[in-house]
Amino acid sequence: QVQAHLMVPGWILLSVPLFSLDAMATSAGLRSTAIAVGTSRLGRLVAQPPVALWTGEQRAQVSVAASALRTSRLSTATAWPHTCISASVPCAFITSAAAAAAAAAAAASRRGGIVRRRGAVSVASASTASAAEALDFRSGLGEAAAKHVGEEMEVMLVPCLSDNYAPVFHDKATGATAVVDTPEVAPILAAIEERGWKLTHILNTHHHHDHTGGNEELVERTGCKIIGPAGEANKIPGLQVAVGEGDRVKVGSLEAEVLEVGGHTLGHIAYHFPAQKVAFVGDTLFVLGCGRIFEGTPSQMLASLQKLRALPDETVVYCAHEYTESNARFAEHLGGIPYLSDRVSVIRELRGAGQSTVPALLGHEKATNPFLRADSDELRAAAGLPQGAVPVQVFAEVRKQKDRF
């Protein structure tokens with residue numbers, strides 16, 4: 001069943017089970033260009049009129065609707081303003097009927113509470129007041145987020161040095177055990193030995209010493225195998241297997257896809273375990289932040305973050321540092337992020353109790369992390385950039401402001 005919500009004249013967001021684009025367009029009676037985006041358990045479709053025909057009010061309504069979509073938290077729902085085809089054609093993605101209703105209501109609030117549906121007029125039936133509740137930020141940070149990891153994998157977060165984390169994960173089926181990066185040997189070995197596990201793999205994300213410093217000693221003491229980025233092979237101590245974009249890495253029965261996410265360093269990689277809904281992202285993405293650009297360019301870093309953003313909302317993201325409170329202060333200072341304060345209150349509660357904010361649900365990062373919102377009009381305005389600024393300009397400006405904060 002196709003549900004069409006006319007957000008502005010000529011702009012229809014659709015929520016449908018995934019099937020033929022032609023069937024979608026025919027069922028909805030669309031006469032404007034339709035663009036299908038991505039694949040998931042629910043289809044993603046946006047129908048758009050030529051952008052040149054939009055009025056200022058239409059653009060404002062789309063912005064409000066997109067904001068509502070970003071704050072809708074459903075198991076398979078995600079949406080955000082995005083640039084398709086060219087910088088002059090912004091789109092909003094939608095993946096659920098509930099999110100569509102929330103977005104329609106938000107747009108309707110700008111028109112006195114009226115939703116136009118296929119030419120008819122009716123009162124909006126959904127409210128955006130519950131959008132923050134739908135995100136349930138409390139379930140998406142630290143130990144609560146870790147509960148979303150697939151049951152085949154057990155993950156233990158090991159604090160190291162002053163603010164590093166070394167995620168150790170264990171394949172329940174085979175007993176294989178890996179650590180993602182090696183900031184410090186003693187706490188890693190102590191945690192593994194306490195569980196009665198045996199270290200079989202090191203997965204390095206990049207060459208910085210606080211991520212590779214324990215490589216050689218851990219190999220000497222355990223005989224484990226070191227896997228790391230091919231683009232930094234000559235900088236990874238003890239590297240045995242070099243991997244790059246699209247390669248598969250197996251730890252026992254668990255299989256990861258390698259993603260090249262350069263920017264922090266040129267050859268930085270991440271490990272995505274789709275079956276277990278986990279991504280180990282090193283220093284590319286942090287809770288409410290991203291890594292400094294030491295070796296790459298803003299364009300490269302933005303492309304890497306967009307690659308991570310394209311992963312499913314339910315992905316549990318393990319980053320490598322506890323930088324969250326500092327990132328939250330900057331995000332609040334910057335502004336332009338709906339419902340940020342709700343998430344920050346949970347962060348401060350966790351840190352006040354001495355608890356970790358890592359891992360985090362990716363869907364919550366999409367909604368509140370400024371560095372994943374470079375194509376948002378709200379963030380562009382908050383960064384002080386004019387209309388027409390493209391996402392890479394917005395990202396570079398926000399990153400520069402964070403570096404100076």
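All heavy atoms count here, side chains included; hydrogens, waters and symmetry mates do not. Each residue takes its place number in the sequence, starting with 1.
When ring centroids are compared, His268 and His208 stay outside the 6.0 Å threshold. A centroid separation of less than 6.0 Å is found between the aromatic rings of Phe169 and Phe280.
Here the CG-CG distance, from Leu311 to Leu259, works out to 6.0 Å after rounding to the nearest 0.5 Å. How far CE of Met156 is from CZ of Arg195: 5.0 Å, rounded to the nearest 0.5 Å. Taking NE2 of His211 as the start and NE2 of His209 as the end, the distance is 11.0 Å to the nearest 0.5 Å. Atom-to-atom distance recorded for Leu302:CG and Arg309:CZ is 8.0 Å, nearest 0.5 angstrom. Atom CG of Leu288 sits about 8.0 Å away from atom CG of Leu141, to the nearest 0.5 Å. Atoms CG and CZ, from Leu308 and Phe371 in turn, are 14.0 Å apart once rounded to the nearest 0.5 Å.
For Glu332, the CD atom is densely surrounded, since the number of other residues' heavy atoms within 6.0 Å is greater than 12. The neighbour count for Lys307 NZ, taken as heavy atoms of other residues, nucleotides or ligands under 6.0 Å away, is above 12. Heavy-atom neighbours of Arg404 CZ from other residues, nucleotides or ligands within 6.0 Å: at or below the threshold of 12. In this structure, Glu220 places its CD atom where only 12 or fewer heavy-atom neighbours from other residues, nucleotides or ligands lie under 6.0 Å away.
When His201, His170, Lys198, Glu154 are each tested for a side-chain hydrogen bond (donor to acceptor under 3.5 Å, both in side chains) with Thr177, only one passes: His170. Residue Pro237 forms a side chain to side chain contact (heavy atoms under 4.5 Å, CB included) with just one option from Ile226, Asn215, Val219, and that option is Asn215.
Annotation: side chain of Glu349 is not in contact with side chain of Gln355 (no heavy-atom distance under 4.5 Å). Side-chain contact check for Lys250 versus Glu255: some heavy-atom pair is nearer than 4.5 Å. Using a 4.5 Å heavy-atom threshold, the side chains of Tyr323 and Asp163 count as touching. The shortest distance between side-chain heavy atoms of Leu334 and Val398 falls below 4.5 Å. Annotation: side chain of Val278 is in contact with side chain of Met153 (closest heavy-atom distance under 4.5 Å). Contact annotation: the side chain of Val317 never approaches that of Pro359 to less than 4.5 Å [non-hydrogen atoms, C-beta and beyond]. Between Trp197 and Leu199, every side-chain heavy-atom pair lies at or beyond the 4.5 Å cut-off. Between Glu322 and Pro159 there is no side-chain heavy-atom pair separated by less than 4.5 Å.
For Asn327 (side chain) and Val287 (main-chain N/O), a donor-acceptor pair under 3.5 Å exists by modelled atom type. Here the side chain of Asn369 pairs a donor or acceptor atom with the backbone of Gly289 at under 3.5 angstrom. With Thr212 contributing its side chain and Ile236 its backbone, the two residues share no donor-acceptor pair below 3.5 Å. Checked by atom type and distance alone, the side chain of Arg373 pairs as donor or acceptor with a backbone atom of Ala367 at under 3.5 Å. Here the side chain of Arg399 pairs a donor or acceptor atom with the backbone of Cys290 at under 3.5 angstrom. Proximity of a side-chain donor or acceptor of Asp171 to a complementary backbone N or O of Ala176 within less than 3.5 Å is not detected. In this structure, Asp210 contributes its side chain and Asn164 its backbone to no donor-acceptor pair below 3.5 Å. At least one donor-acceptor pair closer than 3.5 Å links the side chain of His264 to the backbone N or O of Arg292. Checked by atom type and distance alone, the side chain of Glu184 never pairs as donor or acceptor with a backbone atom of Cys160 at under 3.5 Å. Between the side chain of Arg380 and the main chain of Val394, no donor-acceptor pair closer than 3.5 Å is present.
In terms of heavy atoms, Gly228 sits closest to Leu239 at N-CD1, 3.1 Å. Heavy atoms only, all atoms of each residue included: Thr284 and Ser304 are closest at CG2-CB, 4.3 Å. For the pair Ala320 and Phe286, the tightest heavy-atom approach, listed with the atom from each and the gap, is N-CE2, 4.2 Å. Looking at every heavy atom in both residues, Ala178 comes nearest to Val251 through CB-CG1, 4.0 Å. For the residue pair Pro167 and Val155, the shortest heavy atom distance occurs at CB-CG1, 4.5 Å. Residues Tyr165 and Pro183 come closest through the heavy atom pair O-CG, 4.5 Å.
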Candidate pair Thr205 and Asp181, rule side-chain hydrogen bond (donor to acceptor under 3.5 Å, both in side chains), full reasoning
CA-CA 7 Å; Thr205 61; Asp181 293 327; 2.7 Å; yes
Intermediate values then yes/no, side-chain contact (heavy atoms from CB on, under 4.5 Å), Val243 and Val249
CA-CA 8 Å; Val243 293; Val249 171; 4.1 Å; yes
Hey, mind stepping through Asp313 and Leu361 against side-chain contact (heavy atoms from CB on, under 4.5 Å) and telling me if it holds?
CA-CA 7 Å; Asp313 277 12; Leu361 285 180; over 6 Å; no
Steps toward side-chain contact (heavy atoms from CB on, under 4.5 Å) verdict (Val149, Tyr318)
CA-CA 11 Å; Val149 174; Tyr318 282 85; 4.0 Å; yes
Criterion side-chain contact (heavy atoms from CB on, under 4.5 Å) on Glu365 and Arg343, from CA distance to verdict
CA-CA 10 Å; Glu365 291 303 308; Arg343 195 174 190 213; 2.5 Å; yes
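With 3.5 Å as the limit, one finds no donor-acceptor pair spanning the side chains of Glu397 and Gln393. A donor-acceptor pair shorter than 3.5 Å cannot be found between the side chains of Glu295 and His206. Under 3.5 Å, the side chains of Thr265 and Glu232 contain a donor-acceptor pair of N or O atoms.
Qualifying side chain to side chain contact (heavy atoms under 4.5 Å, CB included) partners for Gln300, counting only residues two or more places apart in sequence or in other chains: Leu266, Thr297.
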